[in-house]
Amino acid sequence: MNTEVLIVGAGPCGATIANLLGVYGVRTILLDRAPAVIDYPRGVGVDDESLRVFQACGLGREVHADMIQNQALIWFDSNQTKLAEIAPSGQPFGWPRRNSFLQPMLETKLRTGLERFEHVQLLLERELVGMRETGDGVEAHVIGADGTEETITAQYVVGADGGRSTVRKLIGAVLEGSTLGARWLVVDIKDSTYHAPFSGNYISSKRPFVSIDLPFGYRRFEFRLNDDETDEQMVRPEAVEKLIRTHFNWTGPMPGLERSRVYSHHSRVADRFKVGRAFLAGDAAHLQPPWFGQGMNSGIRDAANLAWKLAAVVRHGAEPGVLETYGQERRGHARALVELATTLGRVYGPKTMAGEKLRSFGLRAMQRIPATRDYLLQMKFKPMPFYAEGVVLDPSPKDPVGRMFIQPDVELPSGERVKFDEAAGDWFALVGINTDPADHLDEESLQYWRSLGARFLRVNRSRAGSHMLSAGSETVVLDDVQGGFRDWARTRADRDIIVIRPDRYLAATCTSSQANSMTRRFSAVLPVKTKTLTSK
Ligand SMILES: Cc1cc2nc3c(=O)[nH]c(=O)nc-3n(C[C@H](O)[C@H](O)[C@H](O)COP(=O)(O)OP(=O)(O)OC[C@H]3O[C@@H](n4cnc5c(N)ncnc54)[C@H](O)[C@@H]3O)c2cc1C
């Protein structure tokens, strides 16, 4: 068998990459050694950045329909007195920022989504056991559940094969970091009648615990285990029931136990995300404790970052050098989230009663000061990705270049109101704010954007009048119906041309008079074979 991209591991990260490559038209094989999606208790919190990626897969509304939206996270002390709340408002990227979901249900929808693409194959019960790089590709050695051996050749291989990644071992990459000492019992119950419509984290020096409201009557509980409690003892239904009754004052009948498992937590990041033609993504590349609900979300960011770069090389003639920017752009942010999740774990699990009191005092004090209350409430402590190097032109920490671009609603010429990405298309977008970007480009620049497959968009101020509607035939005219571009441009009025990448990160901005020089400089950052422009 032969393919352009082989993805090992059909968990949420691998299945998302496969969907994106499906959208981009790349021939892809996705394989998984298991016969079905993993049914352990795992991810329950998904953020707006991931939802935007699922939207790019063409599955945003479908997967979001299964989620509880805008779910607050509340921190309590061990007496169950509220200390602080995280409930971010606003939807800068077009989706609610905190949502609870069931990972097996999401994964099933991602896999079903692949059926839309004739050029994407999902092969189950196939285990990658070996791999060798040839001059122009990779030969992967795969064994089926019945013992059949086969070789799959591919131009590139992505190891999205989880924390114990075979690909990681085969390419010699190493996970750096540590495994934390504590063990946690994680339990999902079904048909829950317990009414607590939020995620609750209970800070305690004796036994920190967690309770999370999940869709369709499910509820998640997590309890830190003590050293004298064995895994076998504590996963038993009687032990689980006792923990739930004790900690939640639960007197009614006990609902069904759906899944339970004991986990240790890891804080680890791979030393490299790419070796030759092989890449690591998702848990194969980084592992974090679940305290900020960002393990899978980090993997979805990897998926969005890597998929378009692979497609740019395989489909659009981009120089393979762009693939080096994957690790450059992703590794630092993945590490920042691992560190934040590890710190939060320390906050939840104080070692002594004095530590517990100190945390309660600190969080209460933060609630009294509007600025610090807002810092927690609006989740301003979440590190947002910023690409200081990679496929970006002149990024700087105080600038929007290198960051995810906003997603306001816009109105199509038909009068239909859509989320911006639906109008922008699946790929690069060259956007003029109140101007047609094509009007400012010479033939050579136009040729570069066309060869890259960029879409030209003109976003007009809302209800601007018919004189604003003219644009070249290849430019889509949009109405800034929600005022999102107006507000974004308020402090950046001179920069009316912007370049948005397929993963919706802002790659470049300039004034319309700089459109050609910007294009020339950008073509050096993302050279497309035989079409790199000469600087003038
Ligand atoms: C208790 C708990 C709570 C969590 N909560 C959250 C949360 O709220 N939010 C969040 O974002 N994340 C959360 N996570 C983390 C999240 O579940 C993981 O980060 C996510 O599942 C990783 O996805 P992945 O696709 O990278 O890997 P996985 O889901 O592990 O998938 C890897 C796949 O690769 C396959 N595979 C492995 N080796 C091979 C091979 N050699 N050949 C073929 N196939 C192979 C496996 O069968 C598997 O299907 C939580 C995790 C736990 C344990």
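Counting starts at 1 for both ligands and their atoms, following the listed order. Keep in mind that what you see is a predicted model, and the values were worked out from it rather than measured. This chain uses plain numbering: 1 for the first residue, then up along the sequence.
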Peer 1: With side chain to side chain contact (heavy atoms under 4.5 Å, CB included) as the criterion, how do Glu229 and Leu185 come out once you've worked through the C-alpha distance, each side chain's angles and the decisive distance to 0.1 Å?
Peer 2: CA-CA 10 Å; Glu229 295 167 331; Leu185 173 67; over 6 Å; no
Peer 1: I'd like to know if Arg126 contacts ligand 1, where contact means a heavy-atom distance under 4.0 Å to any ligand atom.
Peer 2: yes
Peer 1: Under 3.5 Å, N or O to N or O, is Arg220 touching ligand 1 that way?
Peer 2: no
Peer 1: Can you tell me which residue and heavy atom of the protein come closest to atom 31 (O) of ligand 1, and the distance to 0.1 Å?
Peer 2: Gly11 CA, 3.5 Å
Peer 1: Heavy-atom pairs closer than 4.0 Å: do any link ligand 1 to the side chain of Ser165, the backbone, both, or neither?
Peer 2: neither
Peer 1: Tell me whether Pro12 reaches ligand 1 (any heavy atom closer than 4.0 angstrom to a ligand atom).
Peer 2: yes
Peer 1: Number the atoms of ligand 1 from 1 as they appear, then name those within less than 4.0 Å of a heavy atom of Pro290, with their elements.
Peer 2: 3 (C), 4 (C), 5 (N)
Peer 1: Do you see a donor-acceptor pair shorter than 3.5 Å between the side chains of Glu324 and Gln328?
Peer 2: no
Peer 1: So is Arg261 actually on top of Tyr263's ring, under 6.0 Å and inside 45° of the axis?
Peer 2: yes
Peer 1: List the closest protein heavy-atom neighbour of atom 26 (O) of ligand 1: residue, atom name, distance to the nearest 0.1 Å.
Peer 2: Asp283 N, 2.9 Å
Peer 1: Have a look at Met296, Gln294, Arg42 and point out the one with the heavy atom closest to atom 28 (P) of ligand 1.
Peer 2: Arg42
Peer 1: Looking at Gly9, which atoms of ligand 1 are within less than 4.0 Å of one of its heavy atoms?
Peer 2: 33 (C), 34 (O), 35 (C)
Peer 1: For ligand 1, note which part of Tyr263 has a heavy atom under 4.0 Å away: side chain, backbone, both or neither.
Peer 2: side chain
Peer 1: Between Lys206 and Ser78, does any side-chain donor sit less than 3.5 Å from a side-chain acceptor?
Peer 2: no
Peer 1: Does any N or O in the side chain of Thr81 come within less than 3.5 Å of the main-chain N or O of Asp77, such that one atom is a donor and the other an acceptor?
Peer 2: no
Peer 1: Report, in ascending order of atom number, the atoms of ligand 1 lying under 4.0 Å from any heavy atom of Gly295.
Peer 2: 10 (C), 11 (O), 12 (N), 19 (O)
Peer 1: Give the atoms of ligand 1, by number and element, whose distance to some non-hydrogen atom of Gly282 is under 4.0 Å.
Peer 2: 26 (O)
Peer 1: To which protein heavy atom is atom 6 (C) of ligand 1 closest, and what is the distance rounded to 0.1 Å?
Peer 2: Gly43 CA, 3.2 Å
Peer 1: Do Arg330 and Ser298 get their side chains close enough for a donor-acceptor pair, meaning under 3.5 Å?
Peer 2: no
Peer 1: Quick one: do Arg98 and Glu85 make a salt bridge, cutoff under 4.0 Å?
Peer 2: no
Peer 1: Of all the heavy-atom pairs spanning Ala334 and His286, show the shortest one and how long it is.
Peer 2: CB-CD2, 3.6 Å
Peer 1: Run the numbers for me: atoms of ligand 1, each under 4.0 Å from some heavy atom of Ile38, listed by number.
Peer 2: 48 (C), 49 (O)
Peer 1: Check this for me - ligand 1, Val44, N or O atoms closer than 3.5 angstrom, yes or no?
Peer 2: yes
Peer 1: Do the side chains of Arg301 and Asp47 get close enough for a salt bridge, i.e. N-O under 4.0 angstrom?
Peer 2: yes
Peer 1: To check your reading of the model: name the closest protein heavy atom to atom 45 (C) of ligand 1, its residue, and the distance in Å.
Peer 2: Arg33 CG, 3.8 Å
Peer 1: How far is atom 17 (O) of ligand 1 from the closest protein heavy atom, and which atom is that?
Peer 2: Gln103 OE1, 2.9 Å
Peer 1: Output, in order, the C-alpha distance, side-chain angles, deciding distance and verdict of salt bridge (charged side-chain N to carboxylate O under 4.0 Å, His left out) for Arg501 and Asp503.
Peer 2: CA-CA 5 Å; Arg501 310 189 328 185; Asp503 57 2; 2.8 Å; yes
Peer 1: Mind checking whether Glu133 and Ile171 have side chains closer than 4.5 Å, heavy atoms only?
Peer 2: no
Peer 1: Does either side chain, that of Arg27 or that of Gln155, offer a donor lying less than 3.5 Å from an acceptor on the other one?
Peer 2: no
Peer 1: Going by the atom numbers of ligand 1, which of them fall below 4.0 Å from some non-hydrogen atom of Gly45?
Peer 2: 7 (C), 8 (O), 9 (N), 10 (C), 11 (O)
Peer 1: Would you mind listing which atoms of ligand 1 come within a distance below 4.0 Å of any non-hydrogen atom of Thr166?
Peer 2: 41 (N)
Peer 1: What atoms of ligand 1 come within less than 4.0 Å of a heavy atom belonging to Cys13?
Peer 2: 24 (P), 25 (O), 26 (O)
Peer 1: What protein heavy atom sits nearest atom 37 (C) of ligand 1, and how far off is it?
Peer 2: Asp161 O, 3.3 Å
Peer 1: One thing to verify: whether Arg220 and Asp188 come together as a salt bridge, which I'm taking to mean a side-chain N less than 4.0 angstrom from a carboxylate O.
Peer 2: yes
Peer 1: For ligand 1, which part of Pro41 has a heavy atom less than 4.0 Å away: the side chain, the backbone, both, or neither?
Peer 2: backbone
Peer 1: How close does the nearest protein non-hydrogen atom get to atom 49 (O) of ligand 1, and which residue and atom is it?
Peer 2: Asp32 OD2, 2.5 Å
Peer 1: For the residue pair Cys57 and Val23, what are the closest heavy atoms and their distance?
Peer 2: O-CG2, 3.8 Å
Peer 1: What part of Val37, side chain, backbone, both or neither, has a heavy atom within less than 4.0 angstrom of ligand 1?
Peer 2: neither
Peer 1: Any heavy-atom pair between the side chains of Leu506 and Ile500 that's under 4.5 Å?
Peer 2: yes
Peer 1: Considering only protein heavy atoms, which is closest to atom 27 (O) of ligand 1, and at what distance to one decimal place?
Peer 2: Gly162 CA, 3.7 Å
